[in-house]
Q: 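Below is one structure. I have some questions about it.
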Amino acid sequence: MVTTQEARPTTPPSRRPRPTAQADGGTPLGTRALTLLAESWRPVAVLLALFGVWWFVAWRELVPAYLVPAPGAVAETMVAEWPMLLEHTWVTTLETILGFVLAAVIGVATAVLLVYSRTAEKSLYPLILFAQVIPKIAIAPILVVWFGFGMTPKIVLAVLIAFFPVVVSAVAGLRSVDPELLEMSATMGASRWKTFRKIRFPGALPQLMSGLKVAVTLAVVGAVVGEFVGADRGLGYVLLLASGNLDAPLLFADLILMSLIGVVLFVLVEVLERLLIPWHASRRGNLALATV
């Protein structure tokens, strides 16, 4: 008598279906490319529309050329002055990155101090708010007097501008952790450091990353404002020269490079957010918005 197990046909190993990348939990490369195109075509369309308006205004001479140059003139200036622009772009980028990193480190450390110490919160938080409302352009000359005409005052100004959103977002994130999780951690005998490392800090990452994305764009503003006051290098310095000489093509080329620095740094922080918190609801493709 033949059993049921013996009667089942067997499939040769060579003909068995191989597991795909999606079966293993990954996303196929083609799907990722289509998703990227679906997410990027709208901003690309808006940029093309703005470029078309710019070209039309310059072509019809609706605005004088010394105010709004033609896109072709800006492109020619960018190509002709590229070595000079690249050197100044690197200076501004370095000042921005250093200022942003320092603002992130100091801001997170300050937020931890404010959350864990009630005395520090009552003493420091009003001072932090008071320092934020002071116009940074007003203290830029003082920083130049204190630190000279090098990179230091630009980095300090970038830190001062980017510091506040990091502190606010980090404090909000650290306080938004579920109290039941903290109580359970204390009940199980976990130390403060372990609770912070395993519960508080991971739970605060979504709001902290939002603050960092705001801070990295503000750091560019801080570096450029510092270059306005006293500098012989950087895109802010080139902007002053171009505006003083009424060189509109160079002015627009300089503005484009400033914008690119902010966009690239923002995208890098966005990529870091995807790596650190892929589990968060904000990383699930905006399903609620897609159904509208």
Side-chain angles (χ1 to χ4, degrees), residues 47 50-51 53-55 57-58 61-103 134-165 213-269:
L47 287 177
L50 292 175
F51 180 82
V53 173
W54 178 18
W55 175 83
V57 169
E61 296 183 353
L62 301 178
V63 180
Y66 65 86
L67 295 178
V68 179
V74 176
E76 292 176 0
T77 301
M78 189 171 290
V79 172
E81 304 291 342
W82 180 245
M84 180 269 293
L85 289 173
L86 183 61
E87 177 184 356
H88 292 285
T89 301
W90 164 247
V91 173
T92 302
T93 303
L94 182 60
E95 294 168 352
T96 301
I97 293 175
L98 292 177
F100 169 69
V101 172
L102 288 175
I134 297 177
K136 302 304 180 291
I137 188 65
I139 64 176
I142 302 176
L143 296 177
V144 172
V145 173
W146 287 352
F147 301 106
F149 291 92
M151 295 180 62
T152 303
K154 290 79 174 176
I155 296 173
V156 171
L157 200 59
V159 171
L160 292 176
I161 291 182
F163 172 75
F164 189 73
K213 286 188 285 187
V214 174
V216 75
T217 56
L218 293 178
V220 181
V221 177
V224 172
V225 169
E227 292 168 352
F228 283 164
V229 177
D232 56 358
R233 294 185 304 168
L235 293 179
Y237 170 72
V238 175
L239 189 65
L240 289 179
L241 291 180
S243 60
N245 297 328
L246 295 180
D247 191 346
L250 181 60
L251 180 65
F252 271 63
D254 191 74
L255 292 174
I256 291 173
L257 290 176
M258 288 182 188
S259 301
L260 286 178
I261 293 175
V263 170
V264 170
L265 294 178
F266 183 91
V267 171
L268 290 178
V269 177

Q: Kindly write out the residues that satisfy ring pair (Phe, Tyr, Trp, His ring centres under 6.0 Å) with W55, not counting sequence neighbours, or none if the list is empty.
A: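 Counting only residues at least two positions away or on another chain, W55 forms a ring pair (Phe, Tyr, Trp, His ring centres under 6.0 Å) with W59.
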Q: Under the side chain to side chain contact (heavy atoms under 4.5 Å, CB included) test, which residues partner P135, sequence neighbours left out?
A: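 Listed in chain order: I137, A138.
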Q: Can you run down the side chain to side chain donor-acceptor pair (under 3.5 Å) pairs that involve residues 214-238, sequence neighbours left out, and say none if there aren't any?
A: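 Qualifying pairs, neighbours excluded: T92-E227.
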Q: Give every donor-acceptor pair under 3.5 Å between a side-chain atom in residues 255-262 and any protein atom, sequence neighbours left out.
A:
from : atom 1 : to   : atom 2 : distance (Å)
S259 : OG     : L255 : O      : 3.0

Q: Taking side chain to side chain contact (heavy atoms under 4.5 Å, CB included) as the test, write out the residues that go with L67, two or more places apart.
A: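 By the side chain to side chain contact (heavy atoms under 4.5 Å, CB included) rule, L67 matches V63, P64.
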Q: With V214, which residues qualify under side chain to side chain contact (heavy atoms under 4.5 Å, CB included), at least two apart?
A: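 V214 satisfies side chain to side chain contact (heavy atoms under 4.5 Å, CB included) with P165, L218 only.
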Q: Any pair with a residue in residues 71-90 that passes side chain to side chain donor-acceptor pair (under 3.5 Å), sequence neighbours left out, goes on the list, sorted by first then second residue, please.
A: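 Passing the test, one end in residues 71-90: no pairs.
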Q: If only atom types and distance count, is the side chain of D254 paired as donor or acceptor with the main-chain N or O of L250 below 3.5 Å?
A: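 Flag not set: sc D254 to bb L250 has no pair under 3.5 Å.
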Q: Can you list everything that forms a side chain to side chain contact (heavy atoms under 4.5 Å, CB included) with I134? Sequence neighbours excluded, please.
A: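 For I134 the side chain to side chain contact (heavy atoms under 4.5 Å, CB included) partners, ignoring immediate neighbours, are F130, I139.
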Q: Do the side chains of V225 and V221 get nearer than 4.5 Å, heavy atoms only?
A: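 SC-SC contact between V221 and V225 confirmed.
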Q: Shortest non-hydrogen contact from A253 to V74?
A: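 Here A253 and V74 meet closest at N-CG1, 3.8 Å.
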Q: Grab the two heavy atoms, one from V224 and one from G236, that are nearest each other, plus how far apart they are.
A: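 So the two residues come closest at CG1-CA, 4.0 Å.
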Q: Tell me which pairs pass ring-ring contact (aromatic ring centres under 6.0 Å, His included) where either residue lies in residues 247-266, with sequence neighbours left out.
A: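 The answer is W54-F252.
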Q: Between F100 and L265, does the side chain to side chain contact (heavy atoms under 4.5 Å, CB included) criterion hold? Intermediate values first, please.
A: CA-CA 10 Å; F100 169 69; L265 294 178; over 6 Å; no
Q: Would you give me the side-chain donor-acceptor pairs under 3.5 Å for residues 145-162, sequence neighbours excluded?
A:
from : atom 1 : to   : atom 2 : distance (Å)
K154 : NZ     : F149 : O      : 3.2
K154 : NZ     : G150 : O      : 2.8
K154 : NZ     : G230 : O      : 2.5

